[in-house]
Amino acid sequence: MDLNIVWFILITVLFTGFFILEGFDYGVGMLLLGRKENERTQFVRAIGPVWDANEVWMITAGGAAFAAFPHFYATMFSTFYLALFLMLLALILRGIAFELRGKFQNHDWKLIWDGAIIFGSFVPALLWGVAVANLLKGLPIDSEMHYAGNFFNLLSPYTVLAGIFFVLLFAFHGANFLILKLADERMILLLKRKAAVLGIATWAVYLLFIVASIFETDVMSKMVGVLIFASALGVLLSSWQFARAGRQKSAFVCTTVTIAMTTVGLFVALFPRLMVSSLMPEWSLTIYNAASTPGTLLIMTIAAVILVPIVLLYQSWTYKIFKERVARID
Amino acid sequence: MDALILSRLQFAITTVYHFLFVPVTLGLSIFVALLETWYINSGSYEERIKLKKLVKFFGTIFLINFAMGVVTGIVQEFHFGMNWSEYARFMGDIFGAPLALEALTAFFIESTFIGLWVFGWDKLSEKMHCLCIWIVAFGSNLSAFWILVANSFMQHPVGYEIQDGRAVMTSLLDLVTNHYVFGEYSHTFFAGITTGGFLVIIVSAWKIASDEVSREMFLRTLRRAVLYTFVGVLGVMGSGHLHAQYLNEANPMKLASFEALWETEDPAPFAICADINQEAGRNDSEITIPYMFSFMVHNSFSGEIKGINDLQKEAMEKYGSGYYIPDVRGMFWSFRIMVGVGGLLLFIVFVMGVISFFFGENIKKFSCCFKCMPVLLPLPFIANSVGWYIAEAGRQPWIVVGLQKTSQAVSPNLSSGEVWLTLIGFTGIYLLLAVVAVFTAVMFIRRTKITEEEKEGI
């Protein structure tokens, strides 16, 4: 196995970690919508100690893409220019909101920042869905790896559908997480009802997304990708069943597995490409024409193989420290 | 204006804004860690309550600042691909490695342990909790190290070769041990100590003047912050001096530009002020100290220093025709502002040291001066900003000195309309958040009392 493939796997791992971890805290952020102030405070406390470290998974995925596949990083980020601008605005507001919302005991102050958290969680969830669908569907990329379209080329019914799918999946994932983290019985009951609706809605949209992918992309050329999506669909269904049956841990494990399998499925469908050119198949960015030199890849492989497990170790330790449920606030 | 100039403006605004918060993070994290170490080793019950509140007090200021630094840092990372895709292609093999290592070694520990520190007061043992803030401080400073490794390459490329039109890393060790890193890192580290320490001085002085019940504790932080900042200012001056000497071999154009030395001279004089005529390539008038520039660079009253015009000729021979001179007027005056502010800071710290150590009993008498101290707070931030202006404007027209020009680095698919939109959007949100963050911090500082009452306060 050459290092380019190793790095393709590592990028997949980083994106998987990012979508699983930020997935539930984006979800929790979105679920603040419509809740009362004391309830919102409990929700925010549930992700308070971990959201920042979760976000670093995205930053690391970006940094690793830069190091291992510079052309991928360059083309993707310049292609999604305005989309990323929106995402950055959302992430700026979200990050500051977590820090500032508790600094004054004032209802309007908290309402504004909680609004920022909702916006800042919804927008990135939506845009990441749109982005990965675009990678797979293909974009007008020319022979020089430059994007030859504009912002509106990024939006099509298919890519927006993927965005909605990400939003729903993360909201469901977040609800499953909150049910495990809160102590307030009334909230748990309410979230269980929400999870039951979100679960089946996510499942239906996922089904639609897979069918659309068959028509809009070339996933069918690699059956293993489709199989992974189909199994993920099954796992998602069991997550919904577990959520309804009150088996919350299993429900959360299943949304986690669904996100992991979906991410892996997307990258398997892409392999060995990183971005598909809709103009000419051979203008697509691949793990070979977009890569760094073997020397850099080797150094980065050694670093990643040593460091990623250490990161996982102390991050899981954090979850253990904060394993207690968040006390009810009235 | 085209996408290139707008992208440069946007990057400059983002970097300068980001770097308002970074030095505070670097310096204040260590200060808070020292405070907490003091707290866990302290004796009496009342003392412990007060010290814990003090740790949380400066910890909260640190956290507001830290959040601002984090969110603007993400913008930085994305910018390399969004606006500078050709730079990312040309430099990815080299630049990506320290950036990814920064994320893997520094960002993860910073963000994980800050969460543990904020929410872990009742869940971790005292020692473990204190260790968390030390790890955060270490992570922040490690992060600065990696990004300065990347930046140093842009100023002074080492450990690379050019293959198929892009820069390729031949040795990570050469990158890390680039002498330029030593200069940039030490200067930035001490600037962080200075900025963080000076912030504590200002806040403590203001609390001494305006908050009767907390006065005693803030006199104690004032004394500690004076010593801390004193070390920082001396360090920043020493490292700056050594780095300038090193520039004579590493990047003589930058050195000659911020001293506005147009012609090669031996011994070279030092210009105190100059009326710079960039078009004509000379100073129309200037006030100089003979021998001084040579003395500063060579530690002796003789020694050649190359002038801008000769360096331009050399560059033309080496790189082909073109204009290789940065904005000399901006460089020259930025440098004088930076050094002047540094001197002023040393003076202020000295005065505050005398007051706090020798007039501690009568500190109340200084209340009206101390109340005005916040007007001095911008000083280290001004010095940090113009310092980075010198570093980054001083390598123009290059984005990577000798290898890639800034004009070749911009993303070709961007229209000026798109960049206008993002430029206005980012600047708008930065301004808004600056107001909100400063307001929040000031209100917090105003209302928080450090007393032995257990319930009161933070």
Side-chain angles (χ1 to χ4, degrees), chain A residues 45 48-53 55-56 58-60 62-71 73-82 84-85 88-89 91-96 98-100 103-104 144-148 151 292-293 295-296 299-300 303-304 307-308 311 314-315 318 321-322 324, chain B residues 60 63-64 66-68 70-72 74-75 77-78 80-83 85-86 88-89 91-97 99-105 107-109 111-116 118-120 123-124 163 168-170 172 411-414 418 421-422 425-426 429 433 436-437 440 443-444:
Chain A
R45 289 243 176 112
V50 295
W51 75 268
D52 192 6
E55 192 169 272
V56 173
M58 176 187 75
I59 298 170
T60 308
F66 196 170
F69 303 112
H71 292 291
Y73 170 81
T75 305
M76 178 162 80
F77 280 59
S78 55
T79 298
F80 295 144
Y81 188 77
L82 288 181
L84 288 175
F85 163 68
L88 286 170
L89 289 189
L91 291 176
I92 290 172
L93 286 171
R94 182 175 189 266
I96 294 299
F98 281 122
E99 185 55 44
L100 295 190
K103 291 288 177 284
F104 291 99
E144 302 287 303
M145 299 184 179
H146 295 145
Y147 181 52
F151 178 66
S292 284
T293 55
T296 293
I299 290 169
M300 292 314 298
L307 292 167
V308 172
V311 169
Y314 60 69
Q315 277 203 352
T318 314
I321 297 283
F322 297 108
E324 267 172 55
Chain B
T60 303
L63 288 170
I64 295 172
F66 183 78
M68 296 290 282
V70 167
V71 296
T72 49
I74 305 174
V75 184
E77 193 209 24
F78 279 38
F80 298 118
M82 288 168 67
N83 293 73
S85 67
E86 301 320 285
R89 289 179 211 284
M91 280 283 285
D93 199 69
I94 290 163
F95 199 85
L99 209 64
L101 285 168
E102 184 184 16
L104 281 168
T105 60
F107 291 159
F108 269 127
I109 63 170
S111 58
T112 306
F113 287 90
I114 199 93
L116 282 161
V118 175
F119 293 90
K123 299 198 190 297
L124 298 167
Q163 276 176 20
V168 165
M169 179 157 66
T170 54
L172 181 65
S411 303
N413 62 311
L414 298 184
E418 283 173 313
L421 182 68
T422 58
F426 281 127
I429 201 161
L433 289 183
V436 176
T440 310
M443 295 307 281
F444 169 79

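Chain letters run A, B, ... following the sequence lines, proteins first, then strands; residues in each count from 1. Quantities reported herein were computed from a predicted structural model and do not represent experimental measurements. When reading the values below, keep in mind they use all heavy atoms of this one structure, side chains included, and skip hydrogens, waters and symmetry mates.
- Heavy atoms closer than 4.5 Å to chain A are found in the side chain of B:S411, but not in its backbone.
- Taking both residues in full, the closest heavy atoms of A:L91 and B:V71 are given as O-CG1, 3.9 Å, listed atom of the first, atom of the second, then distance.
- What you find for A:S78 and B:N413 is that their closest heavy atoms are O-ND2, 3.0 Å.
- The structure places CG of A:L88 at 5.5 Å from CZ of B:F78, a figure rounded to the nearest 0.5 Å.
- In this structure, chain A has no heavy atom under 4.5 Å from any part of B:V118.
- Annotation: side chain of A:D52 is in contact with side chain of B:F66 (closest heavy-atom distance under 4.5 Å).
- With respect to chain A, the highest number of heavy-atom pairs below 4.5 Å among B:L116, B:I429, B:L124 belongs to B:L116.
- Here the closest heavy-atom approach between residue A:G62 and residue B:E77 is recorded as C-OE2, 3.6 Å.
- The two residues B:L104 and A:A304 make their nearest non-hydrogen contact at CD1-CA, 4.3 Å.
- Between A:A74 and B:A88, the shortest heavy-atom contact is CB-CB, 3.9 Å.
- One distance of note links CE of B:M82 with OG1 of A:T79; it measures 11.5 Å at 0.5 Å rounding.
- Taken from CZ in B:R89 to CE in A:M145, the straight-line distance is 6.5 Å, to the nearest 0.5 Å.
- When A:A303, A:G48, A:A53 are compared by the number of non-hydrogen pairs under 4.5 Å with chain B, A:A53 comes out ahead.
- A distance of 6.0 Å or more separates the ring centres of A:F77 and B:F80.
- With rounding to the nearest 0.5 angstrom, the NZ atom of B:K123 is 9.0 Å from the CD1 atom of A:I321.
- Note: A:Y314 and B:F113 have tilted aromatic rings, judged against thresholds of 30 and 60 degrees for the angle between ring planes.
- Shown here for B:I74 and A:M58, the closest heavy-atom pair between the two residues is CG2-CE, 4.2 Å.
- Heavy atoms closer than 4.5 Å to chain A are found nowhere in B:E102, neither backbone nor side chain.
- Taking the six-membered ring where tryptophan is involved, the planes of B:F119 and A:F322 are perpendicular, since the angle between them exceeds 60° and thus also 30°.
- Across A:E55, A:M300, A:K103, A:H146, the residue that shares the most heavy-atom pairs under 4.5 angstrom with chain B is A:H146.
- Looking at B:L63, the atoms closer than 4.5 Å to chain A (heavy atoms on both sides) sit in the backbone and in the side chain alike.
- With a 4.5 Å cut-off on side-chain heavy atoms, A:V311 and B:T112 do not count as touching.
- Between B:F426 and A:F85, the closest side-chain pair of non-hydrogen atoms falls below 4.5 Å.
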Steps toward side chain to side chain contact (heavy atoms under 4.5 Å, CB included) verdict (B:L101, A:L307) = CA-CA 9 Å; B:L101 285 168; A:L307 292 167; 4.3 Å; yes
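- Both the backbone and the side chain of A:T75 come within less than 4.5 Å of a heavy atom in chain B.
- Each of A:A148, A:P70, A:G295 has some count of heavy-atom pairs under 4.5 Å with chain B, and the biggest count is that of A:P70.
- With a 4.5 Å cut-off on non-hydrogen atoms, A:I299 touches chain B through its side chain but not through its backbone.
- With chain A as the partner, the residue from B:G96, B:A100, B:G120, B:A67 showing the most heavy-atom pairs under 4.5 Å is B:G96.
- The contact between A:L82 and chain B is made entirely by side chain atoms (from C-beta outward), counting heavy-atom distances below 4.5 Å.
- For chain A, the nearby parts of B:L421 are the backbone and the side chain; heavy atoms of each come within less than 4.5 Å.
- Contact count versus chain B (heavy atoms, under 4.5 Å) is highest, among A:F80, A:F66, A:F69, A:W51, for A:F66.
- Looking at A:M76, there are no atoms closer than 4.5 Å to chain B (heavy atoms on both sides), in backbone or side chain.
- For chain A, no part of B:I94 is nearby; none of its heavy atoms comes within less than 4.5 Å.
- Two residues are said to be in side-chain contact when any heavy atoms from C-beta on lie closer than 4.5 Å; B:I64 and A:E99 meet this criterion.
- To the nearest 0.5 Å, atoms CZ (B:F95) and OG1 (A:T296) are separated by 13.5 Å.
- A donor-acceptor contact under 3.5 angstrom links the side chains of B:T422 and A:Y81, judged on distance only.
- Contacts between A:L100 and chain B at a heavy-atom distance below 4.5 Å involve the side chain alone, from C-beta outward.
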